[in-house]
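Report on one structure; see the data block that follows.
When a residue number appears, it is its place in the shown sequence, counting from 1.
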Amino acid sequence: MVVVMQPQATEEHILGVDARLTAVGFRTQVIYGVKRTVVAAVGDRRVIESLGLEALPGVEKVVPIMKPFKLASREVKEENTVIQVKGATIGGKELAVIAGPCAVESREQLMEAAWAAQEAGARFLRGGAFKPRTSPYSFQGMEEQGLKLLAEASELTGMVTVSEVIDEESLAMALDYIDILQIGTRNMQNFRLLKAAGKSGKPILLKRGLSATVEEWLMAAEYVMSEGNQNVILCERGIRTFESYTRNTLDLSAVPLVQGLSHLPVVVDPSHATGKRDLVLPMAMAAVAAGASGLLVEMHPDPSRALCDGPQSLSPREFAQLMEKIRPVAAAVGKTL
């Protein structure tokens, strides 16, 4: 349940409600919105009803949350969550474009990609330092050295870095180097990792699992948020179906659907969704038109020599063209680049 505070409620009123709930054993989180502040409480509904919270100073109403994902629900927070990192935002009027190679392969490769992405207008740099691959013989990433190169690229370009963590050890290592931690599709239901990510305090980009329903995806976000971390970015990257002509099937209906259910921002990864370079642009444009808060696009200085996902990676020239093509689409739905 959530306790909705009056607009004029003071910090003393909010803390009073929070203290009343924690005193009887409830787990609480105070969520500050633009229009309203709410105190979310997890526990026995019957006990909350017996506390008479609506009689406390500053309380407007007590509302039961019926959906299984509580903190991620729009019932808890009506306005969109906007995540700010180093002056860049995800979830606001600006379309967040996250670009870079699938894997960090060398300093030269990453720096060339970073400068190309920045020149084209992207403010977020992606690059995998840890690569969970289907085959144990495939390139597994540069690990900590890759993280250091991402940190260096960020320092030189001012871009916000995004990189995947695959377990609690890699997460702990990435905290000193990376701005936004990515939980990949294979780990969407790695609950220990989700909890550790929540405790990290870093913004988390959570990819949808290969066969995950929307509710399962939002419940995974709930694991992160239940640890006190409200900065979760959801990433639709396609789901596994019977279709074999594309790598996955991009579920663009999930974008407006999730936006109706949750206040969290939703970005789309057309690269992993399609697995084909020539499909990335049209699906990126479609994602922006569907209302996505951002895009996650793979771009490599020389896709033909990429150690990971070359067939779906754009060249710097192709990425610059994508940025120009999506600009009018973004403007049509009220977003800027």
Side-chain angles (χ1 to χ4, degrees), residues 29-34 69 71-73 76-77 79-100 114 117 122-130 146-147 150-151 153-155 157-168 170-185 187-188 190-208 217-237 255 258-259 262-269 292-297 335:
Q29 282 193 39
V30 179
I31 301 173
Y32 295 92
V34 176
F69 43 91
L71 299 173
S73 172
V76 167
K77 186 180 178 185
E79 65 268 15
N80 295 333
T81 288
V82 180
I83 297 169
Q84 300 187 27
V85 188
K86 292 182 178 178
T89 61
I90 302 178
K93 290 294 184 182
E94 181 182 5
L95 184 73
V97 180
I98 307 167
R123 302 187 67 182
F124 299 81
L125 174 66
R126 61 149 294 152
F130 301 93
L147 296 174
L150 284 163
S154 176
E155 186 176 350
T157 64
M159 298 181 76
V160 178
T161 53
V162 181
S163 193
E164 182 175 356
V165 293
I166 59 175
D167 52 28
E168 293 177 73
S170 60
L171 186 150
M173 194 182 300
L175 292 178
D176 293 331
Y177 303 105
I178 303 302
D179 299 310
I180 299 175
L181 305 178
Q182 177 182 310
I183 305 293
T185 184
N187 276 311
M188 191 206 79
N190 182 339
F191 301 121
R192 288 181 61 89
L193 180 58
L194 294 173
K195 287 184 175 183
K199 292 173 183 176
S200 75
K202 293 267 189 178
I204 305 300
L205 189 147
L206 179 63
K207 285 199 163 188
R208 184 179 181 181
W217 187 20
L218 288 169
M219 289 305 294
E222 195 78 6
Y223 266 90
V224 176
M225 299 176 76
S226 68
E227 297 297 331
N229 188 345
Q230 303 298 309
N231 294 320
V232 179
I233 305 146
L234 299 169
C235 181
E236 164 59 42
R237 45 81 65 208
V255 176
V258 171
Q259 288 173 337
S262 175
H263 54 87
L264 298 175
V266 184
V267 302
V268 172
D269 178 352
S293 295
L295 298 170
L296 189 68
V297 180
K335 292 192 179 294

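Remark: E168 pairs with R192 by the salt bridge (charged side-chain N to carboxylate O under 4.0 Å, His left out) rule, at least two apart or across chains. Scanning for salt bridge (charged side-chain N to carboxylate O under 4.0 Å, His left out) contacts around E164 gives an empty result, with sequence neighbours left out. Scanning for side-chain hydrogen bond (donor to acceptor under 3.5 Å, both in side chains) contacts around N190 gives N187, with sequence neighbours left out. Residues that satisfy the side-chain hydrogen bond (donor to acceptor under 3.5 Å, both in side chains) test with K199, not counting sequence neighbours, are absent from this structure. Residues passing the side-chain hydrogen bond (donor to acceptor under 3.5 Å, both in side chains) test with T89: none are found, sequence neighbours excluded. In this structure, Q84 has no side-chain hydrogen bond (donor to acceptor under 3.5 Å, both in side chains) partners at least two apart in sequence or on a different chain. Not a single salt bridge (charged side-chain N to carboxylate O under 4.0 Å, His left out) links K77 to another residue, sequence neighbours left out. With sequence neighbours excluded, the residues satisfying side-chain contact (heavy atoms from CB on, under 4.5 Å) with A221 are L206, V232, L234, L264. A search for salt bridge (charged side-chain N to carboxylate O under 4.0 Å, His left out) contacts involving K86 returns D179, not counting sequence neighbours. The side-chain contact (heavy atoms from CB on, under 4.5 Å) search around F191 returns Q189, L194, Y223, not counting sequence neighbours. Residues satisfying the side-chain contact (heavy atoms from CB on, under 4.5 Å) test with D167, not counting sequence neighbours, are E169, S170.
Here the closest heavy-atom approach between residue V160 and residue A88 is recorded as CG2-CB, 4.1 Å. Residues L147 and A174 share a closest heavy-atom pair of CD1-CA, 3.8 Å. The two residues M159 and A114 make their nearest non-hydrogen contact at SD-O, 3.5 Å. Summarising the geometry of E222 relative to A72, their closest heavy-atom pair is OE1-N, 3.1 Å, with the distance given to 0.1 Å.
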Show me, pair by pair, the donor-acceptor contacts under 3.5 angstrom made by side chains of residues 90-100, not counting sequence neighbours?
{"residue": "E94", "atom": "OE1", "partner": "R123", "partner atom": "NH1", "Å": "3.2"}
{"residue": "E94", "atom": "OE2", "partner": "R123", "partner atom": "NH1", "Å": "3.2"}

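You'll find the side chain of I183 reaches within 4.5 Å of the side chain of V165, heavy atoms only. With contacts defined as side-chain heavy-atom distances shorter than 4.5 Å, the pair V82/P265 does not qualify. In this structure, I178 and K202 have side chains that are not in contact, with every pair of non-hydrogen atoms separated by 4.5 Å or more. Annotation: side chain of F124 is not in contact with side chain of L296 (no heavy-atom distance under 4.5 Å). Contact of the L125 side chain with the S154 side chain is not registered, since no non-hydrogen atoms from C-beta on lie closer than 4.5 Å. A heavy-atom distance below 4.5 Å is found between the side chains of K207 and Q182.
Taking CG from N229 and NZ from K195, the interatomic distance works out to 15.0 Å, rounded to the nearest 0.5 Å. Atoms CZ and CE, from F69 and M225 in turn, are 11.0 Å apart once rounded to the nearest 0.5 Å.
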